[in-house]
Amino acid sequence: MIRMKKIIIYQILPRLFGNRTSTPLPNGTIIENGCGKFNDFDIKALRRIKSLGCTHVWFTGVIRHATKTDYTAYGIPKQTEQVVKGNAGSPYAIADYYDVDPDLAVDVDGRMEEWEDLVSRVHKCGLSVVLDFVPNHVAREYKSICRPKGVADLGENDDKNLHFSILNNFYYCWGQPFDTGSLPHDCGKEYVESPARATGNDCFSNRPGMNDWYETVKLNYGIDYCDAGGRSEHFSPVPDTWKKMTDILLFWASKGIDAFRCDMAEMVPSAFWSWATARVREKYPEVKFIGEVYNPSLYREYISSGFDYLYDKVGMYDCIRDVICGNRKPKDITVQWQSTDDIKTHMLYFLENHDEQRVASRFFAGNGLKGLPGLVVSAFMNSSPFMLYAGQEYGEEAKDAEGFSGLDGRTTIFDYWSVESLRKGYYDRKKLSVGQKELENAYSVVLNLANNEAAIREGDFYDLMYVNGSVGDDVFAFLRKKDKELILVVANFSDRMDMFNIVIPSHAFDWLGIPEDEYNAEELIGKGYARLTLRKDNSVEVVLDAHEACAYKIVVK
């Protein structure tokens, strides 16, 4: 029998991961600060990721994007600096969908081969590859030099006299030139674009502001956002952009990609996703699609259109973050899972990613250990996938002002930089602090349990909070059960040690089929043992330290 797996995704920005420069300079160039390479992901590094409990590696920033670094010697067009954010550039301002980032290659001319070799190494280590796909927007100076012969470039055949046409790949501002008045003017050459095209965050003005995604251009999927009657859809005949973008998905799937993480998927019509995912799966039926959808009212629509998993950001992430920070009570977690209970297997949980602040930063919890109860709840609560961001397991504090990215508790995606916790964790482990090693071990224990314990991986879930309102305001408790294995999970979100009397109601005994009795229990996280008496509507006494969680495993009679 094939054992199902709980997906555990490790997100990595390769540019940062392998960079071992110990003293990077704010706003430094690639020459000054260095850059990680595909080759830094050797077998040893990949095995460490797997040993953490991960099943998938999400590589962020692989597809070639706009940068201030000059690669014209390799035939790669130079970007105008005024419309590039940071020296390294945003990995979400795609410059060529058929190319990979030359920053990441030792041999720039052989960059695609180096990426293909990395995919092979990942698979050899028993891991799966997740690739960032950016469907909503491209860099302002997008130009594909690597597209297959006979493939027209995006915008190549557009009628620029039309604001909107299903034959066009971009939206145009009726002959108005692009106005750079709101953009930085200390970057040398002034950017010229005429007529102006709509900006990626649905800004249809020819003068985007500093807070707009001014470095990007919105792609046209057949929606007229500015017609006389308001927003209107034009999907028949099939828009040209649908065909081009589906071909790009098929190109990358042919490289052995196991899953696509689709950036800002909700800004692209669900009708496209239905059309595109069906065609990709005709040739590559095992490929998964992970969507960044922030609007909970759209979750079911996008799942129906072909997405396997969606970020549960506005619901579960925001809730657990508030609980960790003491701004909400753990019982609110119940409300969040109930709101998506019918689609629970499609919701992806996380505590960090490139968009969010680091748990250990002073802008979030200020200490990685405070995130552990949130980790246990997110990883153990359902069979949903869980995602972590490289360095999270070491308590990365994001305490640097790297350049374009200021000091904001996030790890930069715009600058050439080196992340101290990753340098230590993967290349100089003797410099890890005792606390970092303890945190890494805690992550490893929790994430490996998520897959090794059948009850957590695929068992039934039973929330105990509805009968434990009097236990306290800092605890979240639930049961997982598979066949004869029962696990009681209790997480203490407070900053003090406490004793909790967790009530297990009669309904749980009946619904899960739990015989009343006295049991030997193994504590899976802390590696201890206890004698627990299970009686209907009676309580189990659990003592937990500050920010600690336990998982008592019982084999029922």
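In what follows, every heavy atom counts, from backbone to side chain, and hydrogens, waters and symmetry copies are set aside. All of these numbers come straight from a predicted model, not from anything done at the bench.
Using a cut-off of 4.0 Å between Lys/Arg side-chain N and Asp/Glu carboxylate O, Asp247 and Lys244 are scored as not salt-bridged. The pair Arg410-Glu356 does not count as a salt bridge, with every side-chain nitrogen at least 4.0 angstrom from each carboxylate oxygen. Between Asp318 and Lys313, at least one side-chain N (NZ, or NE/NH1/NH2) sits under 4.0 Å from a carboxylate O, which counts as a salt bridge. Classification of Asp99 and Arg147 as a salt-bridged pair fails, no side-chain N sitting under 4.0 Å from a carboxylate O. Salt-bridge annotation for Lys44 and Asp42: absent, with no side-chain N of the basic residue lying under 4.0 Å from a carboxylate O of the acidic one. Taking 4.0 Å as the cut-off between side-chain N and carboxylate O, Arg64 and Asp96 count as a salt-bridged pair. Salt bridge status for Arg358 with Glu397: absent, with no side-chain N to carboxylate O gap under 4.0 Å. Salt-bridge formation is not detected for the pair Glu215/Arg140: no Lys NZ or Arg NE/NH1/NH2 atom is positioned less than 4.0 Å from an Asp or Glu carboxylate oxygen. A salt bridge does not link Lys78 with Asp70: every distance from a Lys NZ or Arg NE/NH1/NH2 to an Asp or Glu carboxylate oxygen is 4.0 Å or more. We find that Asp103 and Lys37 are not joined by a salt bridge, their nearest charged nitrogen and carboxylate oxygen being 4.0 Å or further apart.
Under the 6.0 Å cut-off for aromatic ring centres, Phe41 and Phe59 qualify, their centroids lying closer than that. Checked against a 6.0 Å centroid threshold, the rings of Phe289 and Phe260 count as neighbours. Between Tyr142 and Tyr97, the ring centre distance stays below 6.0 Å. Ring centroids of Tyr317 and Tyr349 are separated by 6.0 Å or more, keeping the two rings apart.
No hydrogens or angles considered: nothing links the side chains of Ser418 and Thr21 as a donor-acceptor pair under 3.5 Å. Asp212 and Asn201 are linked by a side-chain donor-acceptor pair at a separation below 3.5 angstrom, with hydrogens and angles left out of the test. The closest side-chain donor-acceptor pair between Asp132 and Trp58 falls under 3.5 angstrom. For Asp40 and Tyr426, the side-chain atoms include no donor-acceptor pair closer than 3.5 Å. Between the side chains of Thr412 and Glu402, no donor N or O sits under 3.5 Å from an acceptor N or O. There is no side-chain donor-acceptor pair under 3.5 Å between Thr411 and Glu396. In the model, Tyr92 has a side-chain atom that pairs as donor or acceptor with a side-chain atom of His354 under 3.5 Å.
Heavy-atom contacts from other residues, nucleotides or ligands closer than 6.0 Å to NZ of Lys424 number more than 12.
Under the 4.5 Å side-chain criterion, counting only non-hydrogen atoms from C-beta, Ile290 is not in contact with Phe307. With a 4.5 Å cut-off on side-chain heavy atoms, Leu219 and Met267 do not count as touching. The side-chain heavy atoms of Ser378 and Leu351, taken from C-beta on, include a pair separated by under 4.5 Å. With a 4.5 Å cut-off on side-chain heavy atoms, Thr216 and Val138 do not count as touching. Under the 4.5 Å side-chain criterion, counting only non-hydrogen atoms from C-beta, Leu348 is not in contact with Asp312. Within the 4.5 Å cutoff, the side chain of Met112 has heavy atoms near those of the Lys255 side chain.
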Requested in this report: Quick one: do Tyr311 and Phe350 satisfy ring pair (Phe, Tyr, Trp, His ring centres under 6.0 Å)? Show the steps, please.
Outcome: CA-CA 8 Å; Tyr311 278 32; Phe350 60 94; 5.3 Å; yes
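A cation-pi arrangement is absent between Lys160 and Phe170 under the rule of less than 6.0 angstrom and at most 45 degrees off the ring axis.
To the nearest 0.5 angstrom, Gln79 atom CD is 5.0 Å from Glu141 atom CD.
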